[in-house]
A.B. asks: 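The structure that follows is given in the form of structure tokens.
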Amino acid sequence: MKKIENKDDRIITLSKRRSGIYKKASELVTLTSTEIGIVVSSLSGKPYSFGHPSIKAVVNRILGLTQPPNDNSHPLAKAQCQLLSVQ
């Protein structure tokens with residue numbers, strides 16, 4: 001894999017790949033009942049995001065501003081959340 005040199009081709013590739021990443025993220029949410037957040041910044045600096053249930057809800061959860069909806073999370077996920085809240 002190597003960088004696409006032509007700027008127009010990079011923009012087109014970003015557009016196509018971004019929608020593919022969002023589709024895979026949506027499938028992951030459906031299959032695993034998880035929360036997910038993706039933020040992509042274009043060459044011009046324009047941000048694009050995908051989140052389930054929303055990007056804001058996922059970011060707030062990561063920052064420890066909200067609690068998980070239930071407490072039957074995987075122990076490794078709980079440990080990671082605790083580590084993130086300590087930092």
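For the single chain, residues carry numbers from 1 onward in sequence order.
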A.B. asks: Which heavy atom of Ala57 sits nearest to which heavy atom of Ser54, and what is that distance?
C.D. replies: N-OG, 3.0 Å

A.B. asks: Please report, to 0.1 Å, the donor-acceptor pairs under 3.5 Å made by any side chain of residues 16-23, with sequence neighbours excluded.
C.D. replies:
| unit_1 | atom_1 | unit_2 | atom_2 | d |
| --- | --- | --- | --- | --- |
| Ser19 | OG | Lys16 | O | 2.9 |
| Tyr22 | OH | Ser49 | N | 3.4 |

A.B. asks: Going by the rule side chain to side chain donor-acceptor pair (under 3.5 Å), which residues pair with Thr30 if we only count those two or more places apart in sequence or in a different chain?
C.D. replies: none

A.B. asks: What's the spacing between Glu35 CD and Arg61 CZ if we round to 0.5 Å?
C.D. replies: 4.5 Å

A.B. asks: Do Leu43 and Val39 share a hydrophobic cluster (ILVMFWY, side-chain heavy atoms under 4.5 Å, transitive)?
C.D. replies: no

A.B. asks: State, with a plain yes or no, whether a side-chain heavy atom of Ile36 is found less than 4.5 Å away from one of Leu28.
C.D. replies: yes

A.B. asks: What distance do Tyr48 atom OH and Leu14 atom CG have between them, rounded to the nearest 0.5 Å?
C.D. replies: 7.0 Å

A.B. asks: Which pairs of donor and acceptor atoms, one on a side chain in residues 3-12, lie under 3.5 Å apart (sequence neighbours left out)?
C.D. replies:
| unit_1 | atom_1 | unit_2 | atom_2 | d |
| --- | --- | --- | --- | --- |
| Asn6 | OD1 | Asp8 | N | 2.9 |
| Asn6 | OD1 | Asp9 | N | 3.0 |
| Arg10 | NH1 | Ile4 | O | 3.0 |
| Arg10 | NH1 | Glu5 | O | 3.2 |

A.B. asks: Return the minimal non-hydrogen interatomic distance between Gly37 and Ile55, and the atom names on each side.
C.D. replies: CA-CD1, 3.6 Å

A.B. asks: Please determine whether residues Leu65 and Val59 belong to a single hydrophobic cluster, defined as Ile, Leu, Val, Met, Phe, Trp and Tyr linked transitively by side-chain heavy-atom distances below 4.5 Å.
C.D. replies: yes

A.B. asks: Taking side-chain contact (heavy atoms from CB on, under 4.5 Å) as the test, write out the residues that go with Ser26, two or more places apart.
C.D. replies: Phe50

A.B. asks: Just jot down the side-chain contact (heavy atoms from CB on, under 4.5 Å) partners of Lys24, sequence neighbours excluded, or say none.
C.D. replies: Glu27

A.B. asks: Would you name the heavy atoms of Ile38 and Ala25 that are closest together and state the gap between them?
C.D. replies: CD1-CB, 3.6 Å

A.B. asks: Partners of Ser33 by side chain to side chain donor-acceptor pair (under 3.5 Å), sequence neighbours excluded?
C.D. replies: none

